[in-house]
Amino acid sequence: MTNYETLYILKPDLEEEKKDALVAKFSEIITSNGGTVTKTDEWGKRRLAYPINYINDGYYVLTYFSADSQLPTELERNFKISDDVIRYIVVNLEKQ
């Protein structure tokens, strides 16, 4: 198992229930594919460094997890198809 971290930014105008559902959905993707979520840290609403599609703020979520090497590809695929995710990144912590 390899250690990873992912940081994704959700649209700021989402309702609280929808944000919680998305965070739970992405954690469920990790656990259902054989990974384990170590820690999820919701940073909350913050200003973006630059506007993305005329959006100036975003809701930041940082998740640490352990998984096989195929899981980040599946997680990125789900980030891409979600309309509520503005930006995302998955980093392998062991290569640093």
Side-chain angles (χ1 to χ4, degrees):
M1 295 271 239
T2 308
N3 292 321
Y4 296 95
E5 75 176 6
T6 182
L7 177 69
Y8 53 96
I9 306 171
L10 302 174
K11 290 183 177 178
D13 56 351
L14 294 175
E15 297 148 4
E16 193 67 31
E17 297 84 23
K18 179 103 181 197
K19 287 178 194 173
D20 293 340
L22 284 171
V23 171
K25 173 187 168 187
F26 294 130
S27 294
E28 176 64 28
I29 290 169
I30 294 169
T31 56
S32 66
N33 287 308
T36 56
V37 176
T38 308
K39 180 181 175 185
T40 299
D41 189 15
E42 295 185 30
W43 292 355
K45 190 174 178 180
R46 296 178 180 234
R47 175 138 332 256
L48 300 174
Y50 55 88
I52 301 171
N53 295 332
Y54 304 104
I55 298 173
N56 293 318
D57 297 322
Y59 189 83
Y60 285 69
V61 180
L62 177 66
T63 302
Y64 294 96
F65 63 97
S66 300
D68 292 330
S69 60
Q70 294 83 18
L71 182 66
T73 306
E74 175 66 18
L75 192 59
E76 288 178 349
R77 185 184 73 78
N78 282 282
F79 286 144
K80 284 180 189 176
I81 62 175
S82 177
D83 292 333
D84 296 322
V85 176
I86 300 172
R87 288 285 190 267
Y88 64 89
I89 187 168
V90 180
V91 178
N92 183 342
L93 294 177
E94 295 179 0
K95 288 189 177 182
Q96 297 179 355

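No hydrogens, no waters, no symmetry mates; every other heavy atom, side chains included, goes into these values. This one's a predicted model, so the numbers in the text were calculated from it and none came from an experiment.
- Every pair passing side chain to side chain donor-acceptor pair (under 3.5 Å) that includes a residue from residues 35-55 is listed here, sequence neighbours excluded: D41-W43, E42-Y59.
- Of the inter-residue distances, the one linking E94 atom CD with N3 atom CG reads 4.5 Å to the nearest 0.5 angstrom.
- Between T63 and I30 the shortest side-chain heavy-atom distance falls below 4.5 Å.
- In this structure, I29 is not a member of the same hydrophobic cluster as I9, with clusters built from ILVMFWY side-chain heavy atoms closer than 4.5 Å.
- Cluster membership for I89 and F26, using ILVMFWY side-chain heavy atoms within less than 4.5 angstrom, is not shared.
- Among all heavy-atom pairs drawn from L48 and I55, the shortest one is CD1-O, 3.4 Å.
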Determine, step by step, whether V85 and L10 satisfy the side chain to side chain contact (heavy atoms under 4.5 Å, CB included) criterion, reporting the C-alpha distance in whole Å, the side-chain angles of both residues, the deciding distance to 0.1 Å, and the verdict. CA-CA 5 Å; V85 176; L10 302 174; 3.8 Å; yes
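- Both Y88 and V61 belong to a common hydrophobic cluster when Ile, Leu, Val, Met, Phe, Trp and Tyr are linked at side-chain heavy-atom distances under 4.5 angstrom.
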Residues 70-79, side-chain donor-acceptor partners within the protein, below 3.5 Å, at least two apart:
residue, atom, partner, partner atom, Å
E74, OE1, R77, NE, 3.3
E74, OE2, R77, NH2, 2.9
E74, OE2, N78, ND2, 3.1
N78, ND2, E74, O, 2.8

For L7 and L62, what are the C-alpha separation, side-chain angles and deciding distance, and is it a side chain to side chain contact (heavy atoms under 4.5 Å, CB included)? CA-CA 4 Å; L7 177 69; L62 177 66; 4.1 Å; yes
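- Here the CG-OH distance, from D68 to Y4, works out to 8.0 Å after rounding to the nearest 0.5 Å.
- The list of side chain to side chain donor-acceptor pair (under 3.5 Å) pairs with a residue in residues 6-28, not counting sequence neighbours, reads K18-D84.
- The hydrophobic cluster containing L22 does not contain Y64, counting ILVMFWY residues as joined when their side-chain heavy atoms lie under 4.5 angstrom apart, directly or transitively.
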